[in-house]
> 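The structure under discussion is supplied below as structure tokens; questions concerning it will follow.
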Amino acid sequence: RTFALLALAATLVIAGLFIGRSALEPGDPGQTTARIAQIVRGGSVQTGGVEIWPPDGGRWERVAVGARLEPGSRLRTDERTRVRLELSDGTVVIVNRRTELTLERGVRRIAVSAGEVLADVAHLEAGPVARIAAPTGTVDVLGTKLLLSASAEGSSVRVARGAVRIRGKEGADVEVK
């Protein structure tokens with residue numbers, strides 16, 4: 001009887017380890033994943049507004065809170081929707097209305113093709129630098145809170161905490177605090 005209780009307890013502990021794993025844990029430590037933690041829509045219609053294009057192609061699919069973004073996935077919001085993403089490294093990204101971004105393959109890489117994101121980037125002592133790409137350049141960050149607005153014509157970065165290094169398409173680096 002004691003053996004059966006110990007076996008049951010061990011089984012529950014092992015099951016708890018798997019069930020308790022964070023939904024944000026990447027399958028591959030060399031890749032960053034994300035989860036939609038919150039969707040906020042303006043107006044009375046509270047469905048739709050956010051779509052994901054899977055990394056293996058296909059078509060745009062409407063998604064809900066809890067949906068995962070795998071590396072290579074694209075996400076877009078409509079004119080009335082904002083999304084809160086939680087990345088597997090602890091970074092939180094607020095995706096504004098009319099924004100499209102890609103969770104790039106690799107570690108801590110996002111590309112914003114149009115729109116605006118507010119990123120509270122997790123500081124990792126031994127981790128790689130987080131990079132947010134825009135059509136006109138890149139922003140390298142370490143434990144920073146920033147707002148990035150991107151379009152094909154230009155991009156702007158506002159730093160709320162920390163510092164970033166911005167590299168334009170021409171290759172010149174500028175540090176912003």
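Below, each value reflects all heavy atoms present in this structure, side chains not excepted, and no hydrogens, waters or symmetry copies.
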> Please determine whether a side-chain nitrogen of the Lys or Arg among E61 and R59 lies less than 4.0 Å from a carboxylate oxygen of the Asp or Glu.
no
> About how many Å separate CZ of R165 and CG of D173, when rounded to the nearest 0.5 Å?
6.0 Å
> Can you tell if the side chain of V141 reaches within under 4.5 Å of the side chain of R108, non-hydrogen atoms only?
no
> How about T102 and R74: does a side-chain donor come under 3.5 Å of a side-chain acceptor?
no
> Which pair of heavy atoms, one from P135 and one from A150, lies closest together, and at what distance?
CD-CB, 3.8 Å
> For the atom pair CD1 (I36) and CZ (R68), what is the distance rounded to the nearest 0.5 Å?
11.5 Å
> Look up atom NE2 in H123 and atom CG in D89, then write down how far apart they are to the nearest 0.5 Å.
12.0 Å
> Distance alone, cut at 3.5 Å: any donor-acceptor contact between the side chains of S149 and E116?
yes
> Indicate if V65 and V83 have the same hydrophobic cluster label, given that clusters are the connected sets of ILVMFWY residues with side-chain heavy-atom separations under 4.5 angstrom.
yes
> About how many Å separate CG of L148 and OG1 of T99, when rounded to the nearest 0.5 Å?
9.5 Å
> Shortest non-hydrogen contact from S155 to T136?
OG-OG1, 2.8 Å
> Tell me, do L69 and L85 make a side-chain contact under 4.5 Å, heavy atoms counted?
yes
> Shared ILVMFWY cluster between W53 and V50, side chains joined below 4.5 angstrom?
no
> With side chains defined as the heavy atoms from C-beta onward, is the minimum distance between I110 and L103 less than 4.5 Å?
yes
> Hey, mind stepping through V92 and R84 against side chain to side chain contact (heavy atoms under 4.5 Å, CB included) and telling me if it holds?
CA-CA 7 Å; V92 174; R84 176 186 168 101; 3.7 Å; yes
> Roughly how far apart are E86 CD and T91 OG1, rounded to 0.5 Å?
10.5 Å
> Taking atom CZ of R62 and atom CD1 of I52, what is their separation to the nearest 0.5 Å?
13.5 Å
> Side chains of I39 and T81: does their closest heavy-atom pair fall under 4.5 Å?
yes
> Measure across R35 and G66 and return the closest heavy-atom pair with its distance rounded to 0.1 Å.
CG-O, 3.9 Å
> Taking C-beta and beyond as the side chain, do I132 and V157 meet within less than 4.5 Å on heavy atoms?
no
> L118 vs V93, test: side chain to side chain contact (heavy atoms under 4.5 Å, CB included). Steps then yes/no.
CA-CA 6 Å; L118 174 66; V93 177; over 6 Å; no
> Taking T77 for the side chain and N96 for the main chain, is one N or O donor matched with an acceptor at less than 3.5 Å?
yes
> Is the shortest side-chain heavy-atom distance between R105 and P55 below 4.5 Å?
yes
> Quick one: are Q38 and I94 in side-chain contact, heavy atoms under 4.5 Å?
no
> Out of R97, R41, R98, which one pairs with D78 under the salt bridge (charged side-chain N to carboxylate O under 4.0 Å, His left out) rule?
R41
> Taking the side chain from R80 and the backbone from G42, do they hold a donor-acceptor pair closer than 3.5 Å?
yes
> Is there a path of hydrophobic side-chain contacts, each under 4.5 Å between heavy atoms of I/L/V/M/F/W/Y residues, joining V174 to L147?
no
> Can you name the nearest heavy-atom pair linking A163 to T144, along with the distance?
O-OG1, 3.0 Å
> Where do V107 and P128 come nearest, in terms of heavy atoms and distance?
CG1-CG, 3.4 Å
> Side chains of S113 and L101, heavy atoms from C-beta outward: is any pair under 4.5 Å?
no
